[in-house]
Amino acid sequence: MTAENTTPAQAADDLPEQLRIRRDKRARIIDQGGEAYPVALPVTHTVAQVRAGYGHLEPGQETDDVAGVAGRVVFLRNTGKLCFVTLQDGEGNRLQAMLSQAVVGEDALAAFKADVDLGDHLFVHGRIGSSRRGELSVFADSWTLASKSLRPLPVLHKDLSEESRVRQRYVDLIARPAARDMVRLRANVVRSLRENFHRRDFVEIETPMLQTIASGAAARPFTTHMNAYDIELYLRIAPELFLKRAVVGGVERVFEINRNFRNEGADSTHSPEFAMLEAYEAYGDYNTIGALTQNLVQTAALDALGTTLVTLPDGTEYDLGGEWAQVVMYDSLSESLGEQITTETTVEELLGIGARLGLELEHKATNHGKLVETLWEHRVGDHLTAPTFVRDFPVETSPLVRAHRTVPGQVEKWDLYVRGFELATGYSELVDPVIQRDRLEAQALLAAAGDDEAMRLDEDFLVAMEYAMPPSGGMGMGLDRLLMALTGYGIRETILFPLVKPHA
RNA sequence: GCCUCGGUAGCUCAGCGGUUAGAGCUGCGGACUUUUAAUCCGUAGGUCCUGGGUUCGAAUCCCAGCCGGGGCACCA
C-alpha cells in the first residue's frame, strides 16, 4: 500500500463497519492496479437517451446497437451467474444493466460482485435490449467502476428524515424525487422570469450586497467588517434604493434577481437569506406593475408546471390563472370588523378593537398604520387563499410609496397574497425628493427612538432622487415564496442548501 | 423568545424502570443465469444526542444544555 492510499489506522478504527469496509474495498481495488476513480469513461449514451431511443422494445427483444452508459447504482440483484444492476442519472432516470457470466466472463463477474456497491457510479458497455420480463437493459460485455462511494446509500423506499434532507441535500437529491424536481422547477421558474423580462426589454443589473447603510425595507440587517477600509458594512436587506438610482440614471426598465439577508426569525415562510426579484418600470404605476406581476407568475407557472392549476402535496388544488381578485385594505378590514375603519380612526380606537379580538398590540402602538396592517393581517390576510391584490396602504408603514392620487392618508401600494402569505408587493414609487427626504427623516427619528426596524436614511439615495426619477411602478417578489406557491412546500424545501445550525 | 413533540445500528423506526437494547432495509459469508425493494441460509453491526441527578438497577424517571419538527410571538 502507498501512503496516499492508506486510511490512517487510528481513524479507521473509529469508523462504523460499513464505512470501513468500503474504504478497504477502494484501497484493495487500487492496490490490485485498478481504478476506483478513473479520469474518463467512453460514455456514448445517457440513461435518458437509451430510454428515449429503445423504450419501445418488446420483452425479450435484443438489438445489435451498442452503448456505453454510466449512472449511480441504486439496486443490485445477484442471481448467481447473472447480476442485475439499476443505474440512475441525476434526474432520476433509471436503466438496468445485466451482467452474465457467459458474456463478461467468470473473473469480471466475480470482480463485479466483490467491488460494486449500492451508491457507486458504474459504467457498463454492451448491447441494448429488453429482458425477458420486459425491462430495458444494457447486456453488458464489460463494466468499469466510475466512482467508488465510501458511504452507503440511505434506504430508497423511505424518505430521509427532515433533518437529514436539509443537512445532506446531496443525499436527499439521490434518494428523493421531489428534491430533484424542486431543483429543476426552481431553475425553470427563474429562466421563465428572466425571459419574460427580456421580451419586455427590461435590463437585468446587479446591485451591491455589501452596503454602508442597509435600507429599502423595514428589517434588521446582518453586519460584517471590511478589513481594507476598516469599516462596518451591512449585508443588504433590499436592492430597492440602488435599483432606483439606476432608474434615475436612465435604466428605465430594470430588474434584479438576487439574494437579500435579514437578521430575523426563521420559520416555514422565512429564511435569513432569501432570493428576491425586484423590477422598476418608468412611466408605469402600481396598476401596470400589478398586471406585469400577474403575467410573470402565470407565465412562470405555465413554463415550469405546464399549468396554472397548482396541486399541493395534500392533494388540494388552487388556480393561479385568470384575473386576480383585488380588495382595498381599509374596506376589507371594515367589512370583516363590521365597523368603518378609515385613516381617521385613532390609535386608541384601533387598540380597543385589538383588545376585543384578544390580540396583543401594545408593541405596535407607535402608529395608526402598523395597527391597521396588523389587524388586517389577522382578520383578512391570513385567510386569503386565492391570489389577491390588497390595495392602498396607510402612509406610515410605506415610506417609499407615493400618496394615493385620490385618497388622503393612503399610498398606492399593493401586497399580493397567496395561500395566506405575502408573495409580492408593488408601488407607485415616490419620486418627489422633498417628500422622500421628509419620510426618511421621520423614519430616522423612529430609529433614534429605538425602533430597530425603522428604515435608515441613505443620503446618497436622496441626492440621486434630487436629480429626478421618472414616475415609475415598482415591485418586489420573494422567489422562494413563488416556489412555495407553485408547490405547497415550506421555504426550506425550496432552497437547495438552506442555513442549518451546526451540531454542537 | 415561549409552548410542544422528537433525537436509539449506515438508513427508516420500535422499545418508555427490570435478563445480554430489537425489526426492516443495508453490510459481511454462502446458494442461485431473467431479477424489479429478487429469493433462501448463516452472520456482524450500538458513546440509546450531551452532561448531571434519583434508584439495588436508567435508552426508559428528574434537571440543565445541544440539534430538529410543529405551534405562538416577531418579520417578508
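Lettering follows sequence order; numbering is per chain, from 1.
- Residues satisfying the side chain to side chain contact (heavy atoms under 4.5 Å, CB included) test with A:Thr144, not counting sequence neighbours, are A:Leu41, A:Phe123.
- Nucleotides B:rC25 and B:rG42, compared at atom P, are 14 Å apart to the nearest Å.
- Looking at heavy atoms from C-beta onward, A:Lys244 lies in side-chain contact with A:Tyr280 at the 4.5 angstrom threshold.
- Atom CG of A:Asp267 and atom C1' of B:rG1 are 14 Å apart (whole Å).
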Before you tell me yes or no, could you show the steps for A:Asp392 and A:Tyr286 under side chain to side chain donor-acceptor pair (under 3.5 Å), namely the whole-Å CA-CA distance, both residues' side-chain angles and the distance that decides it to 0.1 Å? CA-CA 10 Å; A:Asp392 303 336; A:Tyr286 78 149; 2.8 Å; yes
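- Of the two residues contacting RNA chain B, namely A:Ala266 and A:Val166, the nearest-nucleotide position lying further toward the 5' end is that of A:Val166.
- As judged by a 4.0 angstrom heavy-atom cut-off over every strand, A:Arg165 is placed among residues making no nucleic acid contact.
- Only the C1' atoms considered, B:rU33 is 13 Å distant from B:rA38, to the nearest whole Å.
- Residue A:Arg220 is out of contact with every strand shown, counting any heavy-atom pair closer than 4.0 Å.
- A:Asp159 comes within 4.0 angstrom of the backbone, heavy atoms only, and of no base.
- Here the side chains of A:Val74 and A:Leu118 are not in contact, with every heavy-atom distance at 4.5 Å or above.
- Using a distance-only test at 3.5 Å, with no hydrogens or angles considered, no donor-acceptor pair links the side chain of A:Gln96 to the main chain of A:Phe84.
- When heavy atoms are screened at a 4.0 angstrom cut-off, A:Met276 is found touching no nucleic acid atom at all.
- Under the Watson-Crick and G-U wobble criteria, each requiring two contacts below 3.5 Å, nucleotide B:rU50 is paired to B:rA64.
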Readout for nucleotides 28-33 of chain B: B = base within 4.0 Å of protein heavy atom, S = sugar-phosphate only, - = neither; 5' to 3' it is S---BB
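- No contact: A:Phe421 has no heavy atom under 4.0 Å from any strand.
- Taking atom P in both B:rA14 and B:rC72, the straight-line distance is 26 Å, to the nearest Å.
- Rounded to a whole Å, the CZ atom of A:Arg167 is 11 Å from the C1' atom of B:rG7.
- For the pair A:Gln96 CD and B:rA37 P, the computed distance is 11 Å after rounding to whole Å.
- Judged as a side chain to side chain contact (heavy atoms under 4.5 Å, CB included), and not counting sequence neighbours, the contacts of A:Arg402 are A:Ser428, A:Leu430, A:Val431, A:Pro471.
- If you take atom P in B:rA76 and the same atom in B:rC2, they sit 23 Å apart, rounded to whole Å.
- Here B:rA76 presents its P atom at 17 Å from CD1 of A:Ile495, a figure rounded to the nearest Å.
- The side-chain hydrogen bond (donor to acceptor under 3.5 Å, both in side chains) test with A:Thr86 singles out one residue from A:Glu135, A:Arg94, A:Arg77, and that residue is A:Arg77.
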Please produce a list of atom pairs where a protein N or O lies less than 3.5 Å from an N or O of nucleotides 24-26 of chain B.
| residue | atom | partner | partner atom | Å |
| --- | --- | --- | --- | --- |
| B:rC25 | O2' | A:His157 | NE2 | 3.4 |
| B:rU26 | O2 | A:Gln18 | NE2 | 2.5 |

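- Of the P atoms belonging to B:rG15 and B:rG7, the separation is 10 Å, rounded to the nearest Å.
- Regarding A:Arg94, its CZ atom lies at a distance of 9 Å from the P atom of B:rA37, rounded to whole Å.
- Remark: A:Lys413 pairs with no residue by the salt bridge (charged side-chain N to carboxylate O under 4.0 Å, His left out) rule, at least two apart or across chains.
- In this model, the phosphate group of B:rA76 is not approached by any side-chain N or O of A:Thr269 to a distance below 4.0 Å at OP1 or OP2.
- A:Tyr234 OH: 12 or fewer foreign heavy atoms inside a 6.0 Å radius.
- Pair check for B:rC25 finds B:rG10; Watson-Crick or G-U wobble, both atom distances under 3.5 Å.
- Nucleotides B:rU43 and B:rU36 place their P atoms 25 Å apart, quoted to the nearest Å.
- As judged by a 4.0 angstrom heavy-atom cut-off over every strand, A:Ser271 is placed among the base-contacting residues.
- Using N1 to N3 plus N6-O4 or O6-N4 for Watson-Crick, or N1-O2 and O6-N3 for G-U wobble, each under 3.5 Å, B:rU34 pairs with nothing.
- The residue A:Thr425 sits apart from the nucleic acid: no heavy atom pair falls under 4.0 Å.
- Using a 4.0 Å heavy-atom distance criterion, A:Glu135 is classed as a base contact.
- Between A:Asp172 and A:Arg169 there is a salt bridge, since a side-chain N of the basic residue sits under 4.0 Å from a carboxylate O of the acidic one.
- Contact check for A:Thr385 versus A:Tyr318: no side-chain heavy atoms found under the 4.5 Å cut-off.
- The phosphate of B:rG68 has neither OP1 nor OP2 within less than 4.0 Å of any side-chain N or O from A:Ser164.
- Atom-to-atom, CZ of A:Arg259 to C1' of B:rA76 comes out at 16 Å; the value is rounded to the nearest Å.
- Here the separation of B:rG24 from B:rA9, taken at their P atoms, is 16 Å to the nearest Å.
- Note: CG (A:Asp172) to P (B:rC11) measures 14 Å, nearest angstrom.
- Shown here, B:rC2 forms a base pair with B:rG71; the pair counts as Watson-Crick or G-U wobble because both key distances fall under 3.5 Å.
- As the counterpart of B:rC16, no nucleotide is assigned, since no Watson-Crick or G-U wobble pattern has both distances under 3.5 Å.
- Taking the C1' atoms as reference points, B:rC48 lies 12 Å from B:rC16, given to the whole Å.
- Comparing B:rC11, B:rU36, B:rA76 by their nearest atom to the side chain of A:Pro154 picks out B:rC11.
- Rounded to whole Å, the distance from CZ on A:Arg151 to P on B:rC11 is 9 Å.
- Taking every side-chain heavy atom of A:Leu160 into account, B:rC11 is the closest of B:rC11, B:rG68, B:rU34.
- Among residues at least two apart or in separate chains, salt bridge (Lys or Arg N to Asp or Glu O under 4.0 Å) pairs with a member in residues 120-130 of chain A are A:Arg22-A:Asp120, A:Glu62-A:Arg127, A:Asp120-A:Lys148.
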